[in-house]
S.K.: 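Quick one: the structure is below, questions incoming.
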Amino acid sequence: MTLLLRHGASLVPVFDPNVVTHIIISGRDCGSGKVADKAGYKKMSDVPLSIPTLTWDWIADGISFGKMPEHWDAGGKYIAFPERSQRNSKSDASVSNANARSTIAKKVQTNLERRKYRWANTSKATVVSGTPPIVPEAISGAESGVSVQCDKDDPLAEFYEAAAAEHFERVSARESDDDDSDPGPSKNAKKFAAQFTCDNPHPGPVGGCPNQDIVDQLSTLLDLVKCQPGPEPRQRAYTYSRAISSLRAHPKRIKSFEDAKRLPGVGERTASKIMEIIQTGGLERIKHENSESVQVVKLFQGIYGVGQNTAQMWYNNGCRTLEDLKTNPRIVLSDAQKVGIQFYDDINDRMPRAEAGALFELIKPIALSIDPALFVEIMGSYRRGKADCGDIDILISRDPSDGRTHEGILQELLERLVQAGIVTEHLALPGDFEDLENCYRGLCRLPNVAGSKRRRIDFLTVPWKNKGGALLYYTGDDIFNRSMRYKASTMGFSLNQRGLSAGVVRDPSRRSIKLNKGNIVASETEEEIFKMLNIKYRPPHERVTHFK
DNA sequence: CAGTAG
DNA sequence: GGGCCTTACTG
DNA sequence: GCCC
């Protein structure tokens with residue numbers, strides 16, 4: 001609170017709608033009734049909508065993020081009382097791109113019919129979005145590199161900047177709340193918001209990575225190695241990935257061979273490469289590996305649904321360009337690959353974090369409008385706090401203690417998202433929409449933002465009891481997951497998206513074959529899984545590199 | 001089943 | 001020298 | 001390519 005005051009905010013003892021600009025909700029036991037009461041109203045709905053009610057995380061996150069204007073508009077995340085924002089904004093996502101929509105609707109239908117599932121006829125009403133209309137504008141502004149308008153409208157704009165500046169001088173600005181031992185309704189929300197922040201002392205964008213040049217060079221090499229056929233390059237690529245993870249997580253500049261070799265996952269060979277990069281700025285090996293075939297294979301592997309083998313095969317067939325693939329009669333493309341080619345550039349582009357957030361804030365209220373009791377969270381690199389995201393992973397579940405589940409929700413949600421012009425193409429549909437555990441892959445875009453790109457999006461649904469396993473799994477990163485699962489397997493466990501199982505019996509000759517699947521021993525929360533594996537709990541933004 | 005994805 | 005994660009969907 |  002002192003922070004707020006020091007930066008020009010003033011505290012008023014008596015609520016006056018003509019004076020008050022923001023209501024910050026602090027504390028876990030602060031129901032809407034209490035707030036309304038303090039403000040002198042009978043109920044929350046009487047508080048003018050022009051005055052936002054925001055959580056303390058709005059301040060805390062903003063301080064951590066520094067200048068990210070769009071962050072402040074990132075929608076419902078900081079809204080203390082969602083119902084207020086629901087009323088606040090009607091859908092402006094009801095138009096746009098009718099052609100794409102009908103195409104996709106038709107496609108969904110045929111796909112579903114083939115699988116003998118009913119696709120409820122969708123001519124339902126408009127979708128209500130909880131995202132203020134300002135969000136798409138903030139995004140387009142951000143993309144064109146302009147510092148955005150929300151500052152103008154925001155009386156606390158100066159405070160944000162000053163607070164952000166202060167944050168970089170003093171690492172932890174968090175002086176109130178935060179005791180995780182305390183249960184209660186606000187725990188989840190608070191915790192998630194806190195985990196999204198990038199105020200970690202370890203890796204991450206704060207201050208930038210001191211070894212970025214090394215990371216870039218090794219990443220280039222990694223990309224080239226990944227394109228080579230056979231299992232050996234794949235293992236080498238995995239090794240490079242681990243070394244790169246290690247470098248990213250290392251807070252200090254590597255100066256010597258010994259420095260490099262001390263990093264986990266870095267041995268003699270990689271340490272030598274690191275020295276070459278430090279001394280010459282580049283790697284001879286990169287030029288050496290960068291043959292024509294590798295370049296073409298890399299191009300083809302950029303297509304969704306095309307891997308090493310297919311790409312190499314097409315190269316051997318004489319194909320050299322994406323156009324070749326479309327015209328060569330010998331090449332048969334899957335539906336997903338066709339989409340992959342059509343939106344090649346979009347799919348291979350990473351999106352700004354704010355765009356992922358904006359898409360999620362469009363999607364979440366639509367899901368909640370189907371069933372307000374749903375658990376809906378954004379996972380992947382977004383949850384790890386990365387500044388840009390390759391795709392959007394959304395996890396859906398539901399506490400069944402009231403006797404209801406999220407069965408059928410995904411189908412309904414997709415239907416509405418297609419109608420809203422948010423989901424535009426499908427890549428892979430779940431085997432059975434009636435299952436509680438499902439996996440969907442497709443493309444989406446911000447509707448009503450001219451020229452918005454197609455982005456990869458995945459929806460995952462899991463039974464409530466597996467939520468912890470799913471959170472862990474779908475938060476990643478990849479290296480961290482593989483490392484953790486490997487450790488589990490060496491300890492006689494097996495870790496997957498459903499949780500941690502004990503008593504797993506593996507085929508001695510092929511360890512990947514499980515003779516006995518064992519019993520789940522931890523799956524409700526991430527913490528219990530860490531504990532069972534004897535790994536110190538790490539919040540999402542620290543989940544890079546694990547080893548051992 | 002191999003290939004691909006995450 | 002042997003291991004390097006695990007499961008689901010696609011055709 | 002790294003690690004046990």
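To find a chain, count down the sequence lines: A is the first, B the second, and so on, and within it residues start at 1. Predicted, not measured: the structure shown is a model, and the values here were computed from it.
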S.K.: According to the salt bridge (Lys or Arg N to Asp or Glu O under 4.0 Å) rule, which pairs have a member within residues 322-333 of chain A, sequence neighbours left out?
M.R.: A:E323-A:K326
S.K.: Is there a donor-acceptor contact under 3.5 Å linking the side chains of A:Q212 and A:D216?
M.R.: yes
S.K.: Applying a 4.0 Å non-hydrogen cut-off, can you work out what A:E437 is touching in the nucleic acid: base, sugar-phosphate, or nothing?
M.R.: sugar-phosphate
S.K.: In whole angstrom, what separates A:D507's CG from C:dT6's C1'?
M.R.: 16 Å
S.K.: Could you work out, with ring pair (Phe, Tyr, Trp, His ring centres under 6.0 Å) as the rule, every residue matching A:F493, not counting sequence neighbours?
M.R.: none
S.K.: Take the protein atom OH of A:Y486 and the nucleotide atom P of C:dT6, then report the distance between them rounded to whole Å.
M.R.: 10 Å
S.K.: How many whole angstroms separate atom CZ of A:R262 from atom P of D:dC3?
M.R.: 14 Å
S.K.: State which of C:dT7, B:dA5, D:dG1 makes the closest approach to the side chain of A:R456.
M.R.: B:dA5
S.K.: Let me know the distance between CG of A:L263 and P of D:dC2, rounded to the nearest Å.
M.R.: 12 Å
S.K.: Got a sec, which residues hit side chain to side chain contact (heavy atoms under 4.5 Å, CB included) with A:M275, two or more places apart in sequence or on another chain?
M.R.: A:F257, A:I278, A:Q279
S.K.: Where are the stems of DNA chain C, defined as at least 3 consecutive Watson-Crick or wobble G-U pairs with both distances under 3.5 Å?
M.R.: B:1-5 with C:7-11, C:1-4 with D:1-4
S.K.: For atom P, what is the distance between C:dC5 and D:dC4, given to the nearest Å?
M.R.: 15 Å
S.K.: Is it possible for you to check whether A:R398 lies under 6.0 Å from the centre of the six-membered ring of A:F375, through NZ or CZ, and within 45° of that ring's axis?
M.R.: no
S.K.: Output the rounded distance in Å from CZ (A:F459) to P (C:dC9).
M.R.: 17 Å
S.K.: Would you tell me if any nitrogen or oxygen in the side chain of A:N481 comes within less than 4.0 Å of OP1 or OP2 on C:dC5?
M.R.: no
S.K.: Just to confirm, is there a sub-4.0 Å distance from OP1 or OP2 of D:dG1 to any side-chain nitrogen or oxygen of A:Y240?
M.R.: yes
S.K.: Looking only at the side chains, is there a donor atom on one of A:R454 and A:T424 sitting less than 3.5 Å from an acceptor on the other?
M.R.: yes
S.K.: Give me each pair satisfying salt bridge (Lys or Arg N to Asp or Glu O under 4.0 Å) with a member in residues 503-518 of chain A, each pair once, sequence neighbours excluded.
M.R.: none
S.K.: Is the phosphate of C:dG2 approached by A:R510 (side-chain N or O, under 4.0 Å from OP1 or OP2)?
M.R.: no
S.K.: Please measure how far the P atom in C:dC4 lies from the corresponding atom in B:dG6, and state the result in whole Å.
M.R.: 23 Å
S.K.: Applying side chain to side chain contact (heavy atoms under 4.5 Å, CB included), name anything that partners A:Y486, two or more places apart in sequence or on another chain.
M.R.: A:S489, A:T490
S.K.: To the nearest angstrom, how far is A:L429 atom CG from C:dG11 atom P?
M.R.: 10 Å
S.K.: Can you figure out which of C:dC4, B:dG6, C:dT7 approaches the side chain of A:R511 most closely?
M.R.: C:dC4
S.K.: Taking salt bridge (Lys or Arg N to Asp or Glu O under 4.0 Å) as the cut-off, I'd like each qualifying pair that reaches into residues 300-313 of chain A, sequence neighbours left out, listed once.
M.R.: none
S.K.: Set out, line by line, the N/O atom pairs under 3.5 Å between protein and nucleotides 1-3 of chain B.
M.R.:
residue	atom	partner	partner atom	Å
B:dG3	O3'	A:T310	OG1	3.3

S.K.: By side chain to side chain donor-acceptor pair (under 3.5 Å), which residues pair with A:R350, not counting sequence neighbours?
M.R.: A:D388
S.K.: When you measure from every atom of DNA chain D, which of residues 268-294 of chain A have a heavy atom less than 4.0 Å away?
M.R.: A:E268, A:R269, A:T270, A:K273, A:R285
S.K.: Quick one: is A:K514 getting a side-chain N or O under 4.0 Å of the C:dT7 phosphate, OP1 or OP2?
M.R.: yes
S.K.: Using residues 298-309 of chain A as the side-chain source, report each donor-acceptor pair under 3.5 Å to any protein atom, sequence neighbours left out, with the distance given to one decimal.
M.R.:
residue	atom	partner	partner atom	Å
A:Q308	NE2	A:K226	O	3.4
A:Q308	NE2	A:Q228	O	3.2

S.K.: Residues from residues 228-239 of chain A sitting under 4.0 Å of DNA chain D, heavy atoms only?
M.R.: A:Q235, A:R236, A:T239
S.K.: Centre of A:F480's six-membered ring, under 6.0 Å away, within 45 degrees of the axis: is that where NZ or CZ of A:R485 sits?
M.R.: no
S.K.: Using a cut-off of less than 4.0 Å, is there contact between a side-chain N or O of A:R506 and OP1 or OP2 of C:dT6?
M.R.: yes
S.K.: Is it the case that A:R320 places NZ or CZ above or below the six-membered ring of A:Y315, under 6.0 angstrom from the centre and within 45 degrees of the axis?
M.R.: yes
S.K.: For A:L427, which contact category applies under a 4.0 Å heavy-atom criterion: base, sugar-phosphate, or nothing?
M.R.: nothing
